[in-house]
Amino acid sequence: MASSESRYVPADLEPRRQRRWAELGLDRTPDPSDERSENFYALSMFPYPSGNLHMGHVRNYVITDVIARVQRLRGRRVLHPMGWDAFGLPAENAAIERGVDPAAWTERNIAQMRAQLQRLGLSIDWEREVTTCRPDYYRWTQWLFLQFLDAGLAYRREATVNWDPVDQTVLANEQVDAEGRSWRSGAKVEKRKLRQWFLRITALADALLDDLPLLEGWPERVRTMQANWIGRSRGALLRFPLLDAEDGVEVFTTRPDTVYGVSYVVLAPEHPLVERLTSPDRQDAVEAFRAEVAATSEQERVAEDRPKRGVALGGAVRHPFSGDAVPVWIADYVLPDYGTGAVMGVPAHDSRDFAFASSHGLAVRTVVVPADGEIPGEIPNDPPGEAFTAPGRLVNSGRFDGLVGEAAISAVVEAAAAAGCGEARTTYRLRDWLISRQRYWGCPIPVIHCDHCGVVPVPVEQLPVELPSDVDLSGSGGSPLERASDWRRVPCPCCGAEAHRETDTMDTFMCSSWYYLRYTDAGNGNEAFAREAVDRWLPVDQYVGGVEHAILHLLYSRFFTKVLAQRQLVGCREPFRRLLTQGMVQGITYRSPSSRRYVPSAAVADPSAPTDPDTGEALEVFYEKMSKSKHNGVDPGAVIDRYGADTARMFILFKAPPEKDLEWDDADVEGQYRFLQRIWRLCDSAAQGGLRLGSPAPWPRTLADAERDLRRAVHGAIEAIEDDLLGDELQCNTAVAELMKLSNAMGSGLAAVGPAVAQEAVTTLLLLLAPFAPHLADELWEQLGGEGSIHRQRWPQLDPTALVRDTVTVVLQVKGKVRGQLEVPADLGAADLEQLALASEVAQRWLEGAAPRRVIVVPGKLVNLVP
RNA sequence: GCCCGUGUAAUCCAACGGUAGAGAUAGGCGACUUAAAAUCGCUCCAGUGCGGGUUCGAAUCCCGCCACGGGCACCA
C-alpha cells in the first residue's frame, strides 16, 4: 500500500478547494433577519490599495478569518467583509510622476491586491466589497458631510494649520506626530494661516472620553491613548481686568485656589491684547521678542528643557480679588492655542512659573501649605527652593485662608463667579478635525460658494459631486481642482447666479470613518445604509487592525458613530465592541555598522555569521518592521508559492500571540509545513486503514484504555482550544500548539483504537484545524468521505466525561519544595490524601518522624507538609 | 518627567498563586537507507531582568530598581 501513498501538494489542493467554496457560496453572508441564531460581525481594517500585499496585511486578515470561521462553525451568522481605502496621495503622485490616471491606477492595484488576498483562502464575502473612491461610495461620504453641516458640526474658518510641504496639503492634528512630522510623508510640517473646513469633534469630546470605559473589549492602552489625546482638563476661567478699561485678560487655570499667589500674568506673544498692554518704553523690546518667537519653529518652542524666555510689557492688570496691580509679561512658554492663550503666574505652586519667575526676578508668594502639616503661625518669607504643586491648605489668601484642596478650588470659583470675574471651565487638548485637503484624489466637499448666498450645500439629489477627469495634476500650488474651471463653475442652487464649487477634497479618514456601516448594506443605491441593516450587525463584534490607528481612525470612527446616533441614523453609541491590535511583522535585518547601509538577506551568504558581501565586515543583525528600504521584507506570494497558504497562515498564528510583534523565521515556516504534512500522512494512513467519516461506526459498550486515553486527548484539545479562541483574549498560538499536541497523541494512539473512537478523533482534529488551515482540513474531510464541506459542519461538542481520569499524580511537597509524587485515585478526598501523604516514605524521610505543623491539601494536585 | 506594555532554555513562545515546559525552531544521539534527504524515536539546554516583601507555596500578588518597546509631554 505504501506505493499508493498520496502527497500533500498545496499548490494543487488550495486552488481546487477555493473553487469549490466559490461554487458552494460558502463565504456569502447569511440572511441576518433569520432569528434562529445570532449575528457576528468580524471586521479587519481595510487596506490602502498600494498594489502590494505585505505580511502585515496577511497577519491582520488571517487573524480575523480564524475568528470568522470559528464563529461560523459555532453556528453564528457571520459578516466578514473587505474593501479598499482607495483615495489618497500615492495614486495622485503616480499620476504626476508617470502620467497615469489615478482612478485607473487605483483600480488596477485593487484587482492585483484582491487576487493576492484571495490566495490566502479568507472567508470574505466579496459581494459586499466597498471601494471608497468610487462615486457609488463617495456619494454617501458627501451625504454624510452634509449631515454634519446640517447638524452645525461642519464649518469653515481661518486658522493656523499644519501644512505638509512635501504632500502640498494641510493635515489634521492627529496626523502630525510628536516631532512635528507628517504621518504620511514624514516631512516637518509648517504653520500656515488658511481658511479651511473643520468637523466639530470637540463638541463630542466629553462623550468620546466618558464612553471609553464602556469599551471593555479594547486594549487598555488604546483607551489610555485616546484619553490622553482628548486631554480633558477641569479648572476655571479667571478675568484680570485692565486698569483703565472695561475688558480684561482671561486666563485658564486648573488651580484657581492659588490665585492669591499670582505675581504676574503671562500672555502668549501672539495674544491680541499685547499691543494694548505694551507701554511706549517697552515697545522695542516687545517687538523684538515677538519677532524672535515668530522665527523659532513650533518644535523648538515646545521643547521642555529650554529656558523660559519672555519680556515685561510694561502694562498691568488688576488682581480680581485683592485689587492689586499685576504686571503683564509675554513669554514663549505660553501657547497661543491652548486655554485662553494666557496664564496667571503662580511661581510658588507651579514649576514652570517658578522657573520663569526665578530667572526674571519676579516675586514668589506662598499661598498653599501641606494640609496635614501644622498650620504655621507665620508663613516663611524665604523663597522656597522649588514649587509646591500638590494640593494643600490655603494661607495668605484673604477670606479663603484655611480651606483645603477641592473645597478651596470651588470656593474660589464660586467667589469669582459671584463677582463676575470668572467661572468653572473645562478645556481639552483635542482640536477640531481639519478635513480640507488641497489635493485632487479625494472625495470632493459638496458645497458651492455663491457671492449672494454664501456657502450653499449641494442638493442631495445632485450627489455625487463627481471628480472631474482630465485635470492637470502636474502643477504645484493650490488644489488641482482650482484649475478645472469648467467643473468649478456652476449655478448657485439657491439663486441661480454664477457660483463656484468648493475645490478642497476631504481627508481620506472621512471615507474610512463609516465604511464598516456601508458593509452592512453595501448594495444600497438609495441611501448610505438602511438603519435596519446597520442595527442588525453593529456594533462590530471583533475588529482587528494595527495599533497605529489607536487615535486616528478609531477616534474619528467613534465620533462619526456618535453623531449618526444623535441623528437617529444608527442605533449604537460605539461602533466596535472588541478591538484586537495585532503586532508588527518583523523581518531579519542586516546592517553594515560602518556605512549604516541595509543589506538584503539574499546577499548574506552565511546567516549564522553574516558579513557584508562587498566589504566582508560583520553585519549587525536585528529584527525590524518589514519595509522596502530595509530590504527585510518577505513577499506573501512567494511563501504561498512555496508552502501554500495554509502553512503561511499556521506560521503567522503560531509564531507569536496576536498582539505581540512577530519575528519572521524561515526555519519556523518550514516547521509548520512539516506539521501540515504530518496531518496529511496521519489522515492518509487512517484512510488506508479503512477509516471513513461518512456514516458513524457503532459506539462500543466499553472503551479500552487506549481508547480512553485518546478520547482524553481529543476532548482536552477541544476544551483548550475553546479557551484560547473564545476566552477574554485570543490566543491563536497556543491553540495551534494544542493541535500539534493532539496530532502527536493521534500519531501514536490512532492505530490502537476502534473505528468509532478513531472516527471521533479524526473528525475533531479536522474540525479544530479548519479555521486555521481551511484548505487542508476541507480536502482531508472530503477524502475521508465527510459529508459536504467541513466549513458547513458544527464545532465539536466537548464531552466532560472524557476528561475524567482514574488516577492522578499528586505532588508531595515539604515546606513548599517538591520532594516526591503519589499516584492516587482521582477522586480521593482531602483527608485520605493527607493520610496517604503522611504515611509516605517521603514524609518519613523529610519529617524524621515529627508531626508536621501544618498540612495543606489541594485534592487532585498536591500535599504540602510544613514541619 | 508621566502613563502603558514586555523581560522565562541557544531561539520563538507556554504555564486558574500549586511539579517552571504545552508546542515549536536550532543542536546532539539513534532507527530506517548503499548513501543522503525525508520520516520516526530519544536527548542536551533556563529556576523566570535585579533587590526586597506577602504566602505553607511566587514566573504569577505587593514595593523599589534596571533594560527594551510604545504613547503623552512647557496643555497652565
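Every chain is numbered from 1 and lettered A, B, ... according to where its sequence line falls, protein lines coming before strand lines.
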>> So, under a plain 3.5 Å distance rule, would you say the side chain of Lys655(A) forms a donor-acceptor pair with the base of C12(B)?
In response: no
> Counting side-chain heavy atoms from C-beta on, which of C13(B), C56(B), U39(B) comes nearest to Arg681(A)?
Replying inline: U39(B)
> Less than 4.0 Å between a side-chain N and a carboxylate O, is that true for Arg255(A) and Asp350(A)?
Replying inline: no
> In whole Å, what separates the C1' atom of A20(B) from that of G47(B)?
Replying inline: 7 Å
> In whole Å, what separates the P atom of U8(B) from that of G49(B)?
Replying inline: 6 Å
>> Go nucleotide by nucleotide along RNA chain B from the 5' end; which of Lys861(A) and Met344(A) gets its closest nucleotide reached first?
In response: Lys861(A)
>> Taking the ring of His319(A) and the ring of Tyr260(A), is the distance between their centroids below 6.0 Å?
In response: yes
> Ile551(A) side chain: which of A22(B), U39(B), C72(B) is closest?
Replying inline: C72(B)
> Can you tell me the Watson-Crick or wobble partner of U11(B), both distances under 3.5 angstrom?
Replying inline: A24(B)
> Which of these nucleotides, A76(B), C72(B), G18(B), is closest to any side-chain atom of Val343(A)?
Replying inline: A76(B)
> Is the shortest side-chain N/O distance from Arg678(A) to OP1 or OP2 of A38(B) below 4.0 Å?
Replying inline: no
> Taking the P atom of each, how far is C74(B) from C56(B), in whole Å?
Replying inline: 50 Å
>> Is the phosphate of A22(B) approached by Asn744(A) (side-chain N or O, under 4.0 Å from OP1 or OP2)?
In response: no
> Is a donor-acceptor contact shorter than 3.5 angstrom present between the side chain of Glu659(A) and the base of G5(B)?
Replying inline: no
>> Work out how far the C1' atom of U48(B) is from that of U43(B), and round it to whole angstrom.
In response: 23 Å
>> Would Lys308(A) pass as a cation-pi partner of Phe356(A), given that its NZ or CZ must be under 6.0 Å from the six-membered ring centre and within 45 degrees of the axis?
In response: no
> With rounding to whole Å, what would you report as the distance between C63(B) and C3(B) at their P atoms?
Replying inline: 12 Å
>> Taking only the P atom of each, what is the distance from A58(B) to G51(B) in whole angstrom?
In response: 15 Å
>> Going by purine N1 to pyrimidine N3 plus the second Watson-Crick contact, or the G-U wobble pair, all under 3.5 Å, which nucleotide sits opposite A36(B)?
In response: none
>> For the backbone of Thr202(A) and the side chain of Asp432(A), can you confirm whether one donor and one acceptor N or O come within less than 3.5 Å of each other?
In response: yes
> Does Asn864(A) use its side chain to pair, donor to acceptor, with the backbone of Gly816(A) at less than 3.5 Å?
Replying inline: yes
> Quick one: Tyr8(A) OH to U39(B) C1', roughly how many Å, whole number?
Replying inline: 17 Å
> Below 3.5 Å, does any donor atom in the side chain of Asn864(A) face an acceptor in the base of C56(B), or the other way round?
Replying inline: yes
> Under 3.5 Å, is there a donor-acceptor pair linking the side chains of Tyr8(A) and Asp684(A)?
Replying inline: no
> Using atom P of each nucleotide, how far apart are G28(B) and C65(B) to the nearest Å?
Replying inline: 46 Å
> Taking only N and O in the side chain of Asn733(A), is any of them less than 4.0 Å away from OP1 or OP2 of A14(B)?
Replying inline: yes
> Expressed in angstrom and rounded to an integer, what is the separation of Lys815(A) atom NZ from G18(B) atom P?
Replying inline: 19 Å
> Below 4.0 angstrom from OP1 or OP2 of A15(B), is there any side-chain N or O of Gln731(A)?
Replying inline: yes
> Counting just side-chain N and O atoms, does Arg232(A) come under 4.0 Å of either OP1 or OP2 of C75(B)?
Replying inline: no
>> Applying the Watson-Crick and G-U wobble criteria at under 3.5 Å, what pairs with U19(B)? Answer none if nothing qualifies.
In response: none
> Using purine N1 to pyrimidine N3 plus N6-O4 or O6-N4 for Watson-Crick, or N1-O2 and O6-N3 for G-U wobble, both under 3.5 Å, which nucleotide pairs with C65(B)?
Replying inline: G49(B)
> Can you tell me if the side-chain N/O atoms of Ser233(A) get under 4.0 Å from OP1 or OP2 in A76(B)?
Replying inline: yes
> Cut-off 3.5 Å, side chains only: do Gln677(A) and Arg7(A) have a donor facing an acceptor?
Replying inline: no
>> If the glycosidic angle sits within 90 degrees of zero it is syn, else anti. Tell me which applies to G47(B).
In response: syn
>> Can you tell me if Arg352(A) touches the phosphate of A76(B), counting only side-chain N or O atoms and a distance under 4.0 Å to OP1 or OP2?
In response: no
>> So if I take every side-chain heavy atom of Met225(A) and compare against G70(B), G71(B), A76(B), which nucleotide ends up nearest?
In response: G71(B)
> Is there a Watson-Crick or G-U wobble partner for G57(B) with both distances under 3.5 Å, and if so, which one is it?
Replying inline: none
